Visitor: 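Once you've had a glance at the structure underneath, I'll fire off some questions.
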Protein chains: 2
Amino acid sequence: MVQYSKKFQAVPEPTIRRMPSYLAFAEGLLRKGQQFVSSTQIANYMNIDPTQVTKDLSYTTIVGKTRVGYEVKAIVDVLSEFLGFSVMDNAFLVGAGSLGSALLHDSGLNHFGLKIEAAFDINPATIGRKINDVEVFHIDQFRDLAQELNVIMGIITVPAENAQTVADLMVAWGIKAIWNFTPARIKVPDDIIVQNTTLYSNLAIIFNKLHQEKREE
Amino acid sequence: MVQYSKKFQAVPEPTIRRMPSYLAFAEGLLRKGQQFVSSTQIANYMNIDPTQVTKDLSYTTIVGKTRVGYEVKAIVDVLSEFLGFSVMDNAFLVGAGSLGSALLHDSGLNHFGLKIEAAFDINPATIGRKINDVEVFHIDQFRDLAQELNVIMGIITVPAENAQTVADLMVAWGIKAIWNFTPARIKVPDDIIVQNTTLYSNLAIIFNKLHQEKREE
DNA sequence: AATCAATAAGGAAATTTTTCTTTAATAAAA
DNA sequence: TTTTATTAAAGAAAAATTTCCTTATTGATT
């Protein structure tokens, strides 16, 4: 594994997974005008242990006040910054099908620092159309456009069997990170960051729990 | 935590998360006509340790053959069954916005054992419409329809601030599991299964890795 | 026929993550 | 002013997960 200096200790992935929810909670409190929030409150909201919250927040520069809690505004500011939500990164999306266009419509991505600059597909019916102001190009045009725009992320929302082909293209285009929404795993060079997001994994977890209940009866 | 007999040992969540990818891989091999697959091959595809694969598969009834591997067809059959993808469960979806309609369009859910019977919203523009043959009703009609159809799962794709309200409704309707796509955490009775699927968590992980690279430079 | 190499499987060890415990600080209450 | 209760924070312990190690099996090679 990669070595880090003590200053930049690697943050556990489960911690990073929880942080966006802390942020969403704090944003809500901020809107309601609440100034401080305790780890107990956050833990209660998240249904986790309070020490988990303090441990998680200790990876950031946020410090709490005994008997008071954390400043809500500080959580919002520091966490947005920490999670990389406060700087805008550019992305290309390949596969303007149903999931692809859902992402194109999702303003949340914009809010959390991701701007989808262009979409690509091979379906003539969608090429040339605009989805939520993002134009859909033929995939062959990717190379030219990648030159123009400073795009660091590629989003794959094509059918699973085409995932590797698209990933290869993205690597060739010089993309740094790939967000893969297919259940297929892709092979890329070591320096490319890959995040697999498979909805069906979540479905599997739900079904497993449902069936577990049945087994216990 | 819940107690299980040794026969029905709880399967680690990370294992269940990986299984749909094993399944997708095996389905691909089956289409290509490959009869056997080794843990090494699967591990190579997944970029994980081979023993991880054998450990994961050992939770199921699948057994491998030394020097040969696992039967591809067995993996497909057993894993589909094991993950609950081979029986169809019924769901209601609340929030027919962009993410909601993407899910309605996604044939993968059907393939993996989930049928969305109806969708609900409060937006008059979408009520009455059909999205991929699924009708959109006003949310007040939920109660009546829940009686008719044997719906065990509720899918929440509304804005985060309305998640709790919708969840409360779902619990009142007698739903057993909730698939929550908002970053908000919902409070439900202990016997209700909740699966939180927040896209932005994945975004946070990517950004974190990207920034880590920068720090290492 | 004998040897070699690849593999599954089970157990042990290491690592990671979560939970528990203790301590110190401090706002609120008495 | 003193006491009490709540909290953050740091460290220890426990639990969960992954990786390593060993063994046995068996198809392929010599």
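None of these values were measured; they are calculated from a predicted model. Sequence lines set the chain letters: A, B, ... in the order given, protein chains first and strands last, and positions in each chain run from 1.
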Visitor: How long is the line joining CG of A:Leu57 and P of C:dT18, in whole Å?
Guide: 14 Å

Visitor: The test is side chain to side chain contact (heavy atoms under 4.5 Å, CB included); show your working for B:Met19 and B:Leu23 and say whether it passes.
Guide: CA-CA 6 Å; B:Met19 283 178 167; B:Leu23 177 58; over 6 Å; no

Visitor: Encode nucleotides 24-30 of chain C as B, S and - characters from 5' to 3', where the letter depends on protein heavy atoms closer than 4.0 Å: B to the base, S only to sugar-phosphate, - to neither.
Guide: -BBBS--

Visitor: Checking contacts here: which listed nucleotide (C:dT18, C:dA8, D:dC20) is nearest the side-chain heavy atoms of B:Thr54?
Guide: C:dA8

Visitor: Run the side chain to side chain contact (heavy atoms under 4.5 Å, CB included) test against B:Ala204 and tell me which residues pass, sequence neighbours left out.
Guide: A:Ile16, A:Pro20, A:Leu83, A:Phe85

Visitor: When the distance from CD of A:Glu13 to P of D:dT18 is rounded to whole Å, what number comes out?
Guide: 11 Å

Visitor: Between A:Phe142 and A:Trp173, what is the ring plane arrangement, given parallel below 30°, perpendicular above 60°, and tilted in between?
Guide: parallel

Visitor: Rounding to a whole Å, what distance do you find between A:Asn44:CG and D:dT6:C1'?
Guide: 15 Å

Visitor: List in chain and number order the residues that pass side chain to side chain contact (heavy atoms under 4.5 Å, CB included) with B:Asn202, two or more places apart in sequence or in another chain; answer none if no residue qualifies.
Guide: A:Arg17, A:Trp179, A:Gln195, A:Thr197

Visitor: Listed in order of residue number, which residues of residues 35-43 of chain B have a non-hydrogen atom at under 4.0 Å from DNA chain C?
Guide: B:Ser38, B:Ser39, B:Thr40

Visitor: Hey, is the side chain of A:Tyr70 poking within less than 4.0 Å of OP1 or OP2 on D:dA9, counting only N and O atoms?
Guide: yes

Visitor: Tell me the interatomic distance from A:Asp56, atom CG, to C:dT16, atom C1', rounded to whole angstroms.
Guide: 14 Å

Visitor: Hey, is the side chain of B:Gln52 poking within less than 4.0 Å of OP1 or OP2 on D:dT19, counting only N and O atoms?
Guide: yes

Visitor: Which pairs pass salt bridge (Lys or Arg N to Asp or Glu O under 4.0 Å) with one or both residues in residues 40-68 of chain B, sequence neighbours excluded?
Guide: B:Arg18-B:Asp56

Visitor: Among the nucleotides D:dT19, C:dT17, C:dT19, which one has an atom lying closest to any side-chain atom of A:Pro14?
Guide: C:dT17

Visitor: Does OP1 or OP2 of D:dT18 have a side-chain N or O of B:Arg17 closer than 4.0 Å?
Guide: no

Visitor: For residues 107-123 of chain B, pull every pair meeting side chain to side chain donor-acceptor pair (under 3.5 Å), keeping only residues two or more places apart or in separate chains.
Guide: B:Asn90-B:Glu117

Visitor: Show the nearest heavy-atom pair for residues A:Phe25 and A:Ile42, with the distance to one decimal.
Guide: CE2-CA, 3.8 Å

Visitor: Can you check the B:Asp49 CG to C:dA9 C1' distance for me, whole Å?
Guide: 14 Å

Visitor: Just checking A:Gln35: does its CD atom have more than 12 heavy atoms from other residues, nucleotides or ligands closer to it than 6.0 angstrom?
Guide: no

Visitor: What nucleotide among C:dT18, C:dT19, C:dG10 has an atom nearest to a side-chain atom of B:Lys55?
Guide: C:dG10

Visitor: Keeping A:Gln164 on the side-chain end and A:Lys187 on the backbone end, is there a donor-acceptor pair under 3.5 Å?
Guide: yes

